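Everything numeric here is computed off the predicted structure, so don't read it as measured data.
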Amino acid sequence: MGDRIYINYNDQPYVYQVENIKVVNPAQIEVLNPADHSILSLMTCTPVGTTINRLIVQSKQIYPEQSNSVPKSPFKPKLLPAIR
């Protein structure tokens, strides 16, 4: 909880903060329903190597803010070294 996820899309950085982590059975697809704010949902099987349950990590967009205003100071992500 509280961890940040950094994504770049169309040369625009986006930052999300984890606000919910849950384990559900595969039939519980309501965890992917739309929300009233921009969210990023990550899903994987758990335990690893099985299809018993789904681990859902939901994160709220915190940058750029959900408005028409331009941020005062642009976000500058730390660059990770290239993998060769």
Side-chain angles (χ1 to χ4, degrees):
M1 297 296 287
D3 286 353
R4 291 186 175 181
I5 299 170
Y6 301 89
I7 303 222
N8 285 306
Y9 177 72
N10 286 338
D11 294 324
Q12 169 69 44
Y14 293 86
V15 182
Y16 294 82
Q17 188 164 10
V18 175
E19 63 178 8
N20 197 5
I21 300 171
K22 58 179 119 184
V23 175
V24 299
N25 71 54
Q28 289 179 272
I29 59 173
E30 66 274 4
V31 296
L32 300 176
N33 286 344
D36 62 350
H37 58 278
S38 180
I39 63 169
L40 172 70
S41 294
L42 305 175
M43 178 175 29
T44 190
C45 294
T46 190
V48 175
T50 72
T51 58
I52 297 170
N53 290 311
R54 305 291 185 263
L55 172 66
I56 310 293
V57 177
Q58 294 176 322
S59 305
K60 182 177 182 177
Q61 183 178 330
I62 59 172
Y63 182 89
E65 291 182 17
Q66 296 288 303
S67 69
N68 293 332
S69 64
V70 176
K72 293 181 181 175
S73 61
F75 171 73
K76 294 183 181 178
K78 295 179 183 177
L79 296 177
L80 299 176
I83 298 173
R84 299 185 196 266

Those residues that, when tested against Ile21, pass side chain to side chain contact (heavy atoms under 4.5 Å, CB included) (two or more places apart): Met1, Val18, Leu55, Val57
Determine yes or no for a side-chain-to-main-chain donor-acceptor pair under 3.5 angstrom, with [X] supplying the side chain and [Y] the backbone.
| X | Y | answer |
| --- | --- | --- |
| Gln12 | Tyr9 | no |
| Gln17 | Gly2 | yes |
| Gln58 | Val31 | yes |

So SG of Cys45 and CZ of Arg54: to nearest 0.5 Å the spacing works out to 4.0 Å
First locate atom NE2 of His37, then atom CD of Glu19, and finally report the distance between them rounded to the nearest 0.5 Å. 4.0 Å
Considering the options Thr46, Val24, Thr44, which one meets the side-chain contact (heavy atoms from CB on, under 4.5 Å) requirement together with Asn53? Thr46
Taking all heavy atoms of [X] and all of [Y], pick out the closest pair and write down the distance.
| X | Y | value |
| --- | --- | --- |
| Ile39 | Tyr16 | C-CE2, 4.0 Å |
| Ser59 | Ile5 | OG-CD1, 3.3 Å |
| Pro64 | Pro13 | CD-O, 3.6 Å |
| Pro26 | Ile52 | CD-O, 3.2 Å |

Apply side-chain contact (heavy atoms from CB on, under 4.5 Å) to the pair Leu40 and Ile7, showing each step before the final yes or no. CA-CA 10 Å; Leu40 172 70; Ile7 303 222; 3.8 Å; yes
